[in-house]
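In each ligand, atom 1 is the first atom listed, and ligand 1 is the first ligand listed.
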Amino acid sequence: MKAEIAIIGGTGFESLIEHGEWLRIGTPYGIPPPILVGEIRGRSVAFLSRHGLRHEKPPHRVNYRANIYALHTLGVKRILATNAVGAINPDFRPGDLVIPHDIIDFTKSRQSTFYEGEPVVHIDVSQPFCPEVRAILIEEARKHPVKVHERGVLVCTEGPRFETPAEIEMFRRLGCDIVGMTAAPEAFLARELEICYATVCFVSNMAAGMQARLTVKEVFDVASRVSPVIQQILSDTVWRLPQERHCPCSRVLKDAGLGGETPNR
Ligand code: HPA
């Protein structure tokens, strides 16, 4: 089975896939959750539930390398992701969508590269989210009656706890707009395999210290409210993605001095 595009997201998104077949794929990095491979509007698409089908994996225990490598073995060239985030920038409110353009990685314990040995590889992440995919996501998102932030700096924390108010104040001073727990190292691992990656984030809450307390219930409540809109955006984006890629993602290994070799372990 092959897929050119992948969606990484929450439960419910599997209904986007037509003629789907669930696959179990082993990788040198471990076994990812079952991946649904089928079609969206004639394009071959894989769906992967980041936290597992029963939402059993906390953000710091997700096997990001196995997930991304499995998609790579399917032939995936572009990933459309979704992430729940808290708002640090007071102009961003619960229910808003954000297509971040940059990211700060504040994770601590995750396996964050495929390139552990020789040759030493330094990939360029001057544009960590694919500019081509972002542009289409933004255009499609703007067709909906929902507030869309076309840029934003996402900080990824280790979790699984939410942040303290002092941490959020620090992130605000550093220029972060939104905070989540899952975009890193996912976006970087995709780039290491020359896969385009962009994400539609939804704001589920104001970050710690900006509202009285944080509850998981509000994250899930906002997720179920915005999920139909995000699904429509992703489906329309899949349909509009050009066959050819003209972005930095597709030549990152060449720019890193490699000829598209597979990673050493
Ligand atoms: N912090 C980190 N991750 C999150 C948050 C938050 O406030 N809300 C949803 N995911």
Under 3.5 Å, which donor-acceptor pairs do the side chains of residues 222-234 form with other protein atoms, sequence neighbours left out?
| from | atom 1 | to | atom 2 | distance (Å) |
| --- | --- | --- | --- | --- |
| Ser224 | OG | Phe220 | O | 3.2 |
| Ser224 | OG | Asp221 | O | 3.1 |
| Ser227 | OG | Gln231 | NE2 | 3.0 |
| Gln232 | NE2 | Asp236 | OD1 | 3.2 |
| Gln232 | NE2 | Asp236 | OD2 | 3.4 |

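Counting protein heavy atoms only, atom 5 (C) of ligand 1 is closest to Gly86 N, 3.4 Å. Of the protein's heavy atoms, Ala84 O, 3.3 Å lies nearest to atom 10 (N) of ligand 1. Protein heavy atom closest to atom 4 (C) of ligand 1, with residue, atom name and distance, is Val179 O, 3.7 Å. The closest protein non-hydrogen atom to atom 2 (C) of ligand 1 is Glu163 OE2, 3.2 Å.
Taking every non-hydrogen atom of Asn205 and a distance limit under 4.0 Å, the qualifying atoms of ligand 1 come out as 5 (C), 6 (C), 7 (O), 8 (N), 9 (C). Contact atoms of ligand 1 toward Leu214: 7 (O) (distance under 4.0 Å to a heavy atom of the residue). Near Ser204, the atoms of ligand 1 lying under 4.0 angstrom from a non-hydrogen atom of the residue are 8 (N), 9 (C). Close contacts of ligand 1 with Gly180, meaning ligand atoms under 4.0 Å from a residue heavy atom, involve 2 (C), 3 (N).
Under 4.0 Å is where a charged nitrogen must lie from a carboxylate oxygen, and between Arg110 and Glu158 at least one such pair does. Between Glu150 and Arg142 there is a salt bridge, since at least one side-chain N of the basic residue sits less than 4.0 Å from a carboxylate O of the acidic one. Glu132 has no carboxylate O lying under 4.0 Å from a charged side-chain N of Arg245, or vice versa, which leaves the two without a salt bridge.
A donor and an acceptor atom, one from each side chain of Glu186 and Tyr197, are located under 3.5 Å apart.
Leu71 and Phe114 fall within the same hydrophobic cluster, where Ile, Leu, Val, Met, Phe, Trp and Tyr residues are linked whenever their side-chain heavy atoms come under 4.5 Å apart, directly or through other members. Hydrophobic clustering, with ILVMFWY side chains joined whenever heavy atoms are under 4.5 angstrom apart, groups Val252 together with Leu189.
With distances taken over non-hydrogen atoms, the option nearest atom 6 (C) of ligand 1 out of Phe171, Phe202, Phe162 is Phe162.
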